[in-house]
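Only one structure is covered here, and it is reproduced in the block below.
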Amino acid sequence: MTAVDLDAYARDGFLVLEDFVSQTDCDDLRARAAELVAGFDPGPIRTVFSTRDQGHARERYFRESGQAIHFFFEEEATDQPVSLALNKIGHALHDLDPVFDRISRRPQFAALANALGLEQPLLLQSMYLFKQPRIGAEVGWHQDATYLHTRPSTVLGFWLALDDADRDNGCLMALPGAHRGPLRQRFRQVGNEMVTTVLDPTPWPDIEPVALEARRGTLVVLHGLLPHGSAPNRSPRQRHAYALHLVDARADYLPDNWLQRPGLPLRGFA
């Protein structure tokens with residue numbers, strides 16, 4: 001990390017770091033995800049992941065995925081084979097699978113987290129994201145701290161491109177500098193229900209969105225308060241990615257966060 005990188009992160013709320021991960025590591029993640037999918041039997045019930053209506057939040061399968069490796073389908077998947085119908089795998093790949101564990105805990109990730117201010121980083125959540133050809137769903141504007149909240153807010157997102165990501169196949173989009181605004185919503189558990197609570201009704205700032213196009217092996221770093229999302233993938237090309245979210249152990253991880261791990265203690269990079 002250079003002073004320029006840190007200044008850019010403070011200004012924009014994101015970084016795009018090319019060639020951060022080797023092509024071999026990208027291959028290993030892709031191959032291991034394919035093995036997991038090949039061994040997955042969905043049975044008659046398929047949990048759909050949709051940021052549009054959050055229907056998955058009502059299902060126990062989703063709520064228990066914080067300490068498991070679970071599979072979620074695209075909303076528009078119909079007669080596609082499972083390998084072309086999945087939205088993502090989550091959310092404890094980094095702790096429960098040896099390949100994802102090895103790559104998630106590379107020293108360069110630890111050094112980057114420390115450089116960006118996490119003195120005691122904990123690896124909280126991981127997702128293998130498919131963004132399938134032609135049916136890959138839109139991800140609406142959101143802040144990661146809405147879903148993974150600490151006091152003070154410390155969530156940090158690492159998003160690794162496993163395919164070239166561009167405007168055509170649904171690359172990340174961001175509102176540069178908008179991380180300096182407030183947290184707008186909390187997605188949290190209230191009783192036995194998952195609800196979205198509005199904390200600040202202020203609209204997103206009138207900023208021109210930036211496309212975070214990323215070649216394979218590029219790491220995109222996202223501040224927890226940065227509004228970001230992605231368009232649907234209507235192209236014939238897939239857009240696989242691996243996302244890892246971290247928090248600082250010095251902060252309080254709130255007990256009403258949706259992601260809880262009573263049987264799987266959080267670990268750092270060691």
Passes side chain to side chain contact (heavy atoms under 4.5 Å, CB included), I89 versus I69? Steps please. CA-CA 7 Å; I89 308 173; I69 297 175; 3.5 Å; yes
Classify the ring geometry of H91 against F72: parallel below 30°, tilted from 30° to 60°, perpendicular beyond 60°.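 The arrangement is tilted - the two ring planes meet at 30° to 60°.
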Provide the closest heavy-atom pair for [X] versus [Y] in the form atom of the first, atom of the second, distance.
X: N169; Y: S235; value: CB-OG, 3.5 Å
X: L175; Y: L226; value: O-CD1, 3.3 Å
X: T154; Y: D248; value: OG1-N, 3.1 Å
X: L264; Y: A92; value: CD2-CB, 4.1 Å
X: L199; Y: R186; value: CD1-CG, 3.4 Å
X: A214; Y: V220; value: CB-CG2, 4.4 Å

Would you say the side chain of [Y] lies within less than 4.5 Å of the side chain of [X], judging by non-hydrogen atoms?
X: M173; Y: R167; value: yes
X: D97; Y: E35; value: no
X: V48; Y: N87; value: no
X: C171; Y: L212; value: no
X: R63; Y: S65; value: no
X: F20; Y: L112; value: yes
X: P121; Y: F269; value: yes
X: V16; Y: T218; value: yes

Checking S126 against H94: is there a side-chain donor and acceptor pair closer than 3.5 Å?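 Judged by distance alone, the side chains do pair up.
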Would you say the side chains of Y128 and H240 form a donor-acceptor pair under 3.5 Å?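 Note: Y128 and H240 side chains meet the donor-acceptor criterion.
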Would you call [X]-[Y] a salt bridge at under 4.0 Å N-O?
X: R237; Y: D163; value: no
X: R234; Y: E76; value: yes
X: D19; Y: R215; value: yes

So does D206 have more than 12 non-hydrogen atoms from other groups sitting under 6.0 Å from CG? no
Within the supplied structure, the quantity of interest is the number of heavy atoms (other residues, nucleotides, ligands) at a distance under 6.0 Å from R250 CZ; does it exceed 12? yes
Kindly say whether [Y] contributes a backbone atom to a donor-acceptor pair with the side chain of [X] at under 3.5 angstrom?
X: D200; Y: T202; value: yes
X: D166; Y: D168; value: yes
X: D95; Y: Q67; value: no
X: N233; Y: G170; value: no
X: H70; Y: Y61; value: yes
X: K88; Y: F130; value: no
X: N114; Y: L118; value: yes
X: R261; Y: A68; value: no
X: R32; Y: V99; value: no
X: Q80; Y: V82; value: no

Drop me the distance from [X]'s [atom1] to [Y]'s [atom2], to the nearest 0.5 angstrom.
X: H179; Y: H228; atom1: NE2; atom2: NE2; answer: 13.5 Å
X: L86; Y: Q132; atom1: CG; atom2: CD; answer: 6.5 Å
X: W258; Y: T146; atom1: CH2; atom2: OG1; answer: 14.0 Å
X: I103; Y: Q108; atom1: CD1; atom2: CD; answer: 10.0 Å
X: R30; Y: D28; atom1: CZ; atom2: CG; answer: 11.5 Å
X: T78; Y: I135; atom1: OG1; atom2: CD1; answer: 7.0 Å

Give a yes or no on whether [X] and [Y] share a hydrophobic cluster (residues Ile, Leu, Val, Met, Phe, Trp, Tyr; joining criterion: side-chain heavy atoms under 4.5 Å apart).
X: L17; Y: L29; value: yes
X: L156; Y: Y147; value: yes
X: W141; Y: V139; value: no
X: L225; Y: Y9; value: no
X: F100; Y: L219; value: yes

Determine whether F187 and M194 satisfy the following criterion, side chain to side chain contact (heavy atoms under 4.5 Å, CB included), listing intermediate values before the conclusion. CA-CA 7 Å; F187 177 75; M194 294 293 177; 3.8 Å; yes
Under the side chain to side chain contact (heavy atoms under 4.5 Å, CB included) criterion, do L123 and F109 qualify, and how do the steps go? CA-CA 11 Å; L123 282 63; F109 285 112; over 6 Å; no
How far apart are the C-alpha atoms of L172 and L222, what are their side-chain angles, what is the distance that settles it, and do they pass the side chain to side chain contact (heavy atoms under 4.5 Å, CB included) test? CA-CA 10 Å; L172 290 172; L222 300 167; 4.2 Å; yes
D25 and salt bridge (Lys or Arg N to Asp or Glu O under 4.0 Å): which single residue from R216, R106, R105 fits? R106
